[in-house]
Number of protein chains: 2
Amino acid sequence: MNYSKQREKILDVLSNNAVHPTAETLLELLKSENANIGFTTLYRNLNKLAQAGIIKKIDGLESSAHFDHNTFEHYHFICEECGKVFDIPANVAPDLVKNTQSATGFDIAGHDIVFHGICIECKQKKGQ
Amino acid sequence: MNYSKQREKILDVLSNNAVHPTAETLLELLKSENANIGFTTLYRNLNKLAQAGIIKKIDGLESSAHFDHNTFEHYHFICEECGKVFDIPANVAPDLVKNTQSATGFDIAGHDIVFHGICIECKQKKGQ
DNA sequence: AGATAAAATGATAATAGTTATCACTTTAGG
DNA sequence: CCTAAAGTGATAACTATTATCATTTTATCT
């Protein structure tokens with residue numbers, strides 16, 4: 001990765017001024033510091049920095065929502081290889097809501113866990 | 001909520017044929033059963049059913065990604081009132097990855113937990 | 001330094017997923 | 001069986017993001 005003025009500025013704003021900003025918020029922040037960076041450049045750098053592990057991208061991993069007839073509490077796993085979504089039983093995270101509630105004092109209305117990785121089937125295919 | 005042929009069919013396909021489909025997949029499934037339902041109607045009904053708690057919508061809660069300079073493992077809470085994103089320490093879910101790995105056999109590359117609800121500040125404002 | 005190849009920029013256009021609009025149709029209760 | 005409320009679906013709009021590509025910047029190699 002080569003140096004660039006723009007990327008340095010983005011990282012600077014991200015680490016000093018901003019709390020979990022969206023790309024749009026970052027653009028505004030940059031503008032307010034007289035660093036007019038094109039949104040293409042911003043997105044490109046955010047993705048690059050996230051891939052390099054320098055920043056973290058928080059999203060649901062996928063652009064389109066999935067719908068589920070099972071309203072039972074359970075979580076999800078998205079296979080990076082085949083794209084399939086698997087159910088994960090809720091008991092992998094006992095006391096999660098209770099712990100979080102007492103750690104924060106927030107009222108928790110709901111939560112989602114999305115894992116990603118390689119499912120068993122794809123793992124075996126790759127192994128061969 | 002009034003009855004509608006289309007909604008019945010959507011629910012039917014969702015509960016019998018489909019595993020975590022996206023709206024697009026549902027459209028195809030419906031088409032293949034000769035139920036040509038407009039995508040506007042599909043989206044409207046999916047959202048309505050999800051709001052009524054009859055089905056579940058799996059997504060990251062928000063359409064735009066957030067970026068985070070803190071690459072430490074931690075989770076997130078989105079306040080439904082003010083929209084702010086808060087950090088949640090990772091220790092609310094001890095052994096989560098280990099538990100999930102042994103429950104499924106999948107290779108887990110990463111995961112995200114997103115809570116939603118009302119943050120302390122908004123809770124107090126509402127209380128007054 | 002000067003040449004040059006690789007990487008980065010940013011304006012523009014494109015894409016994907018979803019929601020808004022609105023004239024028309026269906027449903028349900030008096 | 002009439003009417004108000006709810007639902008439909010074609011079209012257009014919108015939002016967040018990625019692709020394209022000519023131009024500029026950076027790093028490397030004499």
Side-chain angles (χ1 to χ4, degrees), chain A residues 1-14 18 20-31 33-52 54-68 76 78 80 83 85 112 114 116, chain B residues 1-14 18 20-31 33-52 54-68 76 78 80 83 85 112 114 116:
Chain A
M1 214 192 315
N2 275 355
Y3 169 85
S4 95
K5 230 179 265 192
Q6 289 87 341
R7 182 155 49 234
E8 189 181 42
K9 188 66 192 173
I10 290 169
L11 250 181
D12 176 58
V13 168
L14 194 50
H20 304 304
T22 58
E24 204 194 347
T25 308
L26 275 173
L27 259 189
E28 285 162 23
L29 281 168
L30 287 164
K31 210 170 267 175
E33 300 201 9
N34 295 318
N36 273 16
I37 290 178
F39 68 90
T40 312
T41 302
L42 177 59
Y43 276 108
R44 192 175 22 226
N45 278 308
L46 287 173
N47 284 331
K48 201 159 253 188
L49 289 166
Q51 254 181 331
I54 298 166
I55 66 171
K56 206 180 165 191
K57 190 174 182 176
I58 312 161
D59 67 0
L61 255 197
E62 276 216 309
S63 44
S64 45
H66 290 248
F67 296 89
D68 197 344
H76 294 96
I78 301 182
E80 289 166 354
V85 178
D112 266 313
V114 181
H116 55 106
Chain B
M1 218 195 304
N2 276 355
Y3 170 85
S4 94
K5 231 179 264 192
Q6 288 88 342
R7 182 154 50 234
E8 189 181 42
K9 189 66 191 169
I10 290 170
L11 250 181
D12 175 59
V13 168
L14 194 49
H20 304 304
T22 59
E24 204 194 347
T25 309
L26 275 172
L27 259 188
E28 284 162 22
L29 281 169
L30 287 163
K31 209 170 268 176
E33 301 202 10
N34 294 319
N36 272 15
I37 290 177
F39 67 91
T40 313
T41 301
L42 177 60
Y43 276 109
R44 192 174 22 226
N45 278 308
L46 288 173
N47 284 331
K48 202 161 254 186
L49 289 166
Q51 254 181 330
I54 297 166
I55 66 170
K56 206 179 167 194
K57 190 174 180 176
I58 311 162
D59 65 1
L61 256 197
E62 277 216 307
S63 45
S64 45
H66 290 249
F67 296 88
D68 198 345
H76 294 96
I78 301 183
E80 288 166 356
V85 178
D112 266 312
V114 182
H116 56 107

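Remember, it's a predicted structure, so these values are computed and weren't measured experimentally. So you know, we letter chains A, B, ... as the sequences are listed, proteins then strands, and number each from 1. As a basis for the values below, the full set of heavy atoms in this structure was taken, side chains included, without hydrogen atoms, waters or symmetry mates.
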Rounded to the nearest Å, what distance is computed from the [atom1] atom of residue [X] to the [atom2] atom of nucleotide [N]?
X: A/Met1; N: D/dT28; atom1: CE; atom2: C1'; answer: 19 Å
X: A/Asn47; N: C/dG10; atom1: CG; atom2: C1'; answer: 16 Å
X: A/Leu27; N: C/dA11; atom1: CG; atom2: P; answer: 11 Å
X: A/Arg44; N: D/dT25; atom1: CZ; atom2: P; answer: 14 Å
X: A/Tyr43; N: C/dG10; atom1: OH; atom2: P; answer: 15 Å
X: A/Leu26; N: D/dA16; atom1: CG; atom2: C1'; answer: 14 Å
X: B/Tyr3; N: D/dT8; atom1: OH; atom2: P; answer: 10 Å
X: B/Phe39; N: D/dC14; atom1: CZ; atom2: C1'; answer: 13 Å

Looking at [N], I'd like to know if its phosphate oxygens (OP1 or OP2) sit under 4.0 Å from a side-chain N or O belonging to [X].
X: B/Thr40; N: D/dT8; value: no
X: A/Lys48; N: C/dA8; value: yes
X: A/Thr41; N: C/dG10; value: yes

Derivation and outcome, side-chain contact (heavy atoms from CB on, under 4.5 Å), residues A/Asn36 and A/Leu30: CA-CA 6 Å; A/Asn36 273 16; A/Leu30 287 164; over 6 Å; no
Taking for each residue the nucleotide of DNA chain D with the nearest heavy atom, is it B/Asn36 or B/Asn2 whose nucleotide lies nearer the 5' end? B/Asn2
side-chain contact (heavy atoms from CB on, under 4.5 Å), that's the test. Do A/Leu27 and A/Thr22 meet it? Break it down for me. CA-CA 9 Å; A/Leu27 259 189; A/Thr22 58; over 6 Å; no
B/Gln6, nearest nucleotide to its side chain (from C/dT27, D/dG9, D/dG7): D/dG9
Does CD in B/Glu28 sit with more than 12 non-hydrogen atoms of other residues, nucleotides or ligands closer than 6.0 Å? yes
More than 12 heavy atoms of other residues, nucleotides or ligands under 6.0 Å from CD of B/Glu24: is that the case? no
